[in-house]
> 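Quick one: this structure, given as structure tokens, is what I'll be asking you about.
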Protein chains: 2
Amino acid sequence: MHDVAAAAGVSRGTVSRVINGGYVSGAARAAIEAAIAEVGYVPNTAARNLVMQRSQAVAFLVLEPPSLILEDPNIGAIMLGANAVLSSADYQLVNLVVDSARDTERITKYLSGGFVDGAVIVSARANDPITRVVTDLALPATFVGHPADLKQGIPFIGIDNVGSARAITERLAATGRKRIGMIAAAVDRDSGADRLTGFRQALGRRFKPNLVAHVPFYDYASGMEGMRQLLQREPRLDGVFAASDAVAAGALQVLRELGRSVPGDVGVVGFDDSPWAQRTDPALSTVHQPAKEIGAQAADLVLRQLGGKTPEPGGILLPTPIVWRASA
Amino acid sequence: MHDVAAAAGVSRGTVSRVINGGYVSGAARAAIEAAIAEVGYVPNTAARNLVMQRSQAVAFLVLEPPSLILEDPNIGAIMLGANAVLSSADYQLVNLVVDSARDTERITKYLSGGFVDGAVIVSARANDPITRVVTDLALPATFVGHPADLKQGIPFIGIDNVGSARAITERLAATGRKRIGMIAAAVDRDSGADRLTGFRQALGRRFKPNLVAHVPFYDYASGMEGMRQLLQREPRLDGVFAASDAVAAGALQVLRELGRSVPGDVGVVGFDDSPWAQRTDPALSTVHQPAKEIGAQAADLVLRQLGGKTPEPGGILLPTPIVWRASA
DNA sequence: TTGTATGCGTTATCAG
DNA sequence: CTGATAACGCATACAA
């Protein structure tokens with residue numbers, strides 16, 4: 001900037017004003033702009049951050065095993081939705097990968113080091129150290145879904161997992177299925193636990209605990225494992241609610257290997273309406289999750305807090321229509 | 001830091017020394033560490049960046065339509081490989097999404113604003129504005145794959161697309177297939193063009209231009225489209241080389257819809273050995289791409305440059321074994 | 001071993 | 001409208 005000021009024959013203050021918009025005479029402005037172009041000047045963001053106390057960047061944090069991030073197209077869609085909103089507001093979305101304990105520590109520093117003004121946090125569990133940091137720092141944040149111990153005052157955005165799971169299970173039952181099982185994934189997270197609750201509600205007195213196979217993750221391999229367990233416990237199973245489309249895809253694979261027809265012998269429904277859902281054979285009946293919209297609203301809530309507004313307490317739940325395809 | 005110094009009864013210089021490692025007496029160190037814990041002090045990274053002229057962060061840039069990023073598990077694996085290396089060296093990987101022209105502009109500022117010390121760049125094409133910025137800035141960078149106009153002196157890391165494509169096509173031909181076609185994706189990029197070249201080399205005089213279907217992207221939908229084109233031009237087709245596993249998966253879908261058996265009627269091979277490859281039915285024979293290793297080495301090359309070493313000219317090519325499964 | 005002073009590149013607050 | 005000048009929070013050369 002020194003060079004620019006010198007080349008244009010003005011002070012650094014005036015240069016700063018043409019960059020940030022202030023009262024500057026036309027002549028001075030022209031001279032400075034020419035100088036900027038000539039010198040190839042680019043403002044140093046670190047210096048600007050230091051004095052402005054902001055970075056124009058928002059973190060996007062996924063607190064999930066990284067391999068799952070790749071599996072789950074939903075997360076990607078949420079991120080894209082957030083980026084679109086942030087981008088329009090001239091904020092940089094910074095995607096942080098947490099892949100180890102060491103990462104956690106470094107990201108803690110990153111978050112508290114002035115690198116970002118806010119954060120969108122996906123897939124947090126209760127007692128996550130990063131969640132603690134965010135609340136301690138009072139960093140403007142929005143959670144997608146909400147860990148059980150989410151502090152009051154931090155907004156979250158999500159869907160009604162209980163209601164959606166109940167609804168699709170009811171529709172599956174309405175097709176005449178008598179022995180319906182569930183592959184319940186990630187019940188240590190609110191989404192997983194809620195989907196199981198909804199399933200249970202739908203079945204009421206017909207609910208049988210041994211027709212629920214618990215698996216750790218929302219992924220394809222877990223789906224295969226869960227399906228095998230279920231069939232072993234109840235060979236005459238004729239309906240399955242998989243906790244996600246990826247899980248359902250794994251289940252379909254096992255059914256195919258075993259020669260069971262879908263939806264003939266067994267009806268299968270999933271959750272998410274991710275690209276998986278349309279590519280399985282047969283295509284999946286599933287719960288549509290407005291992932292992009294979720295990301296957009298999460299980003300918007302961060303922006304709002306950055307604008308000084310206190311978000312209304314509680315969270316926002318987005319609607320989740322059921323999409324009926326061929327698998328049930 | 002002021003608070004810490006006061007609480008410990010020392011000067012700020014001493015506090016700085018215990019943080020960064022310098023000569024400090026045991027007594028002072030103990031007092032300061034206690035004070036740090038009590039106050040909950042965290043160094044301000046913006047200030048540190050400003051004076052140190054570095055950020056301990058490296059950008060991971062994918063110059064590809066964002067929807068494709070979600071489709072391509074390869075890119076995710078590359079990122080994870082890069083993150084692992086960067087993390088061990090205490091660098092933060094910052095994942096940047098470029099989703100619009102506006103993003104391009106903002107990222108340009110980001111790159112030149114001292115936010116990152118280096119960059120790993122994936123899927124760059126010739127004449128990409130971001131590529132220009134990186135070379136103009138002389139930002140330590142490594143390209144994964146290389147755009148045609150990559151400047152001398154910037155290292156890249158990749159695979160031998162020509163040789164790999166040639167090898168797998170030859171093996172497909174060796175199974176007795178007579179009418180082999182290719183679904184060539186993204187020939188505007190070096191990887192796409194090279195795979196086509198390899199295919200052509202393998203077939204030699206038997207190569208027929210009309211048995212190559214050109215599609216824009218490495219994705220599922222493109223695979224479906226390409227397969228339809230190919231069958232229309234040559235209904236008796238008995239072999240297909242798809243430019244990626246996702247493309248192959250789309251092709252398989254079309255073949256299934258049309259009632260052609262694989263590998264009975266048609267042999268299909270892909271490229272990448274991504275998770276797709278094991279989940280299609282039948283599982284794909286394909287070229288294994290060591291994505292994680294590519295990411296790791298790319299990150300390593302950035303780190304090396306950060307360490308002041310000038311990378312040897314030219315790029316590094318990693319081996320790509322062929323994995324033979326059921327589809328051909 | 002420690003305190004002090006200076007500078008990193010900007011923005012913002014003043015007089016002028 | 002513009003030019004000085006004081007922060008911003010930290011690392012570091014230098015003096016003590």
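Labels below follow one simple rule: chain letters A, B, ... track the order of the sequence lines, proteins then strands, and each chain is numbered from 1.
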> Consider the side chain of A:Leu50, meaning its heavy atoms from C-beta on, and name the nucleotide among C:dT2, D:dC10, D:dC8 that approaches it most closely.
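Among C:dT2, D:dC10, D:dC8, the one nearest the side chain of A:Leu50 is D:dC8.
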
> Within residues 5-21 of chain A, find the residues that approach DNA chain D with a heavy atom at under 4.0 Å, and present them sorted by residue number.
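Per residue number, the list reads A:Val10, A:Ser11, A:Arg12, A:Thr14, A:Arg17.
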
> Measure from the side chain of B:Ala28, starting at C-beta and using heavy atoms only, and say which of C:dT2, C:dG9, D:dA11 lies closest.
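When the side chain of B:Ala28 is considered, C:dT2 is the closest of C:dT2, C:dG9, D:dA11.
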
> Atom CG of B:Asn44 and atom P of C:dT10: how far apart are they, to the nearest Å?
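Computing the B:Asn44:CG to C:dT10:P distance gives 17 Å.
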
> Using the ring of each side chain (for Trp, its six-membered ring), is B:Phe115 parallel, tilted or perpendicular to A:Phe115, with breaks at 30° and 60°?
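Rings of B:Phe115 and A:Phe115: tilted, 30 to 60°.
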
> Rounded to whole angstrom units, what separation is found between the OH atom of B:Tyr23 and the P atom of D:dA15?
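Taking OH of B:Tyr23 and P of D:dA15, I get 18 Å after rounding.
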
> For the backbone of A:Gly192 and the side chain of A:Tyr218, can you confirm whether one donor and one acceptor N or O come within less than 3.5 Å of each other?
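Flag set: sc A:Tyr218 to bb A:Gly192 pair under 3.5 Å.
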
> Please give, in whole Å, the distance from D:dC10 P to A:Phe115 CZ?
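Rounded to whole Å, this separation is 13 Å.
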
> Nearest whole Å is fine: how far is C:dT11 C1' from A:His2 NE2?
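Nearest whole value for this atom pair: 17 Å.
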
> Which part of the nucleic acid does B:Val51 contact within heavy-atom distance under 4.0 Å: base, sugar-phosphate only, or nothing?
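Contact class for B:Val51: base.
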
> Is it the case that the side chains of A:Asn49 and A:Ser55 hold a donor-acceptor pair, with the cut-off being a distance below 3.5 Å and no angle test?
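Side chains of A:Ser55 and A:Asn49: no pair found under 3.5 Å.
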
> Measure CZ/A:Arg29 against C1'/D:dT2 and give the value in whole Å, please.
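Rounded to whole Å, this separation is 13 Å.
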
> Using a 6.0 Å cut-off, check whether atom CZ of B:Arg12 has over 12 heavy atoms from anything other than its own residue.
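Not more than 12 within 6.0 Å, no.
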
> Please state whether the phosphate of C:dT10, meaning OP1 or OP2, lies under 4.0 angstrom from any side-chain nitrogen or oxygen of A:Tyr41.
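Checking C:dT10 against A:Tyr41, a side-chain N or O does come within under 4.0 Å of OP1 or OP2.
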
> In whole angstrom, give the distance that lies between atom CG of A:Asp3 and atom P of C:dC8.
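In whole Å, C:dC8 P and A:Asp3 CG are 12 Å from each other.
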
> In this structure, how many angstroms lie between the C1' atom of C:dT10 and the CG atom of B:Asn49, rounded?
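In whole Å, C:dT10 C1' and B:Asn49 CG are 14 Å from each other.
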
> May I ask you to say what A:Val4 touches in the nucleic acid, namely base, sugar-phosphate or nothing, with a heavy-atom cut-off under 4.0 Å?
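Counting heavy atoms under 4.0 Å across all strands, no contact is made by A:Val4.
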
> For D:dA11, take OP1 and OP2 only and decide whether either is under 4.0 Å from a side-chain N or O of B:Gln53.
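No, B:Gln53 has no side-chain N/O under 4.0 Å of OP1/OP2 on D:dA11.
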
> Are any of the side-chain nitrogens in A:Arg132 or A:Asp128 under 4.0 Å away from the carboxylate oxygens of its partner?
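Looking at A:Asp128 together with A:Arg132, the answer is no, because their closest N to O distance does not fall below 4.0 Å.
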
> Between the side chains of B:Tyr110 and A:Gln92, is a donor N or O closer than 3.5 angstrom to an acceptor N or O?
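Note: B:Tyr110 and A:Gln92 side chains miss the donor-acceptor criterion.
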
> Output yes when at least one side-chain N/O atom of B:Ser25 is less than 4.0 Å from OP1 or OP2 of C:dT2, else no.
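Yes, within the criterion.
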
> From CZ of B:Arg48 over to C1' of D:dG9, roughly how many Å is that when rounded to an integer?
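After rounding, the gap between these two atoms is 11 Å.
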
> Keeping B:Thr14 on the side-chain end and B:Val10 on the backbone end, is there a donor-acceptor pair under 3.5 Å?
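Absent.
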
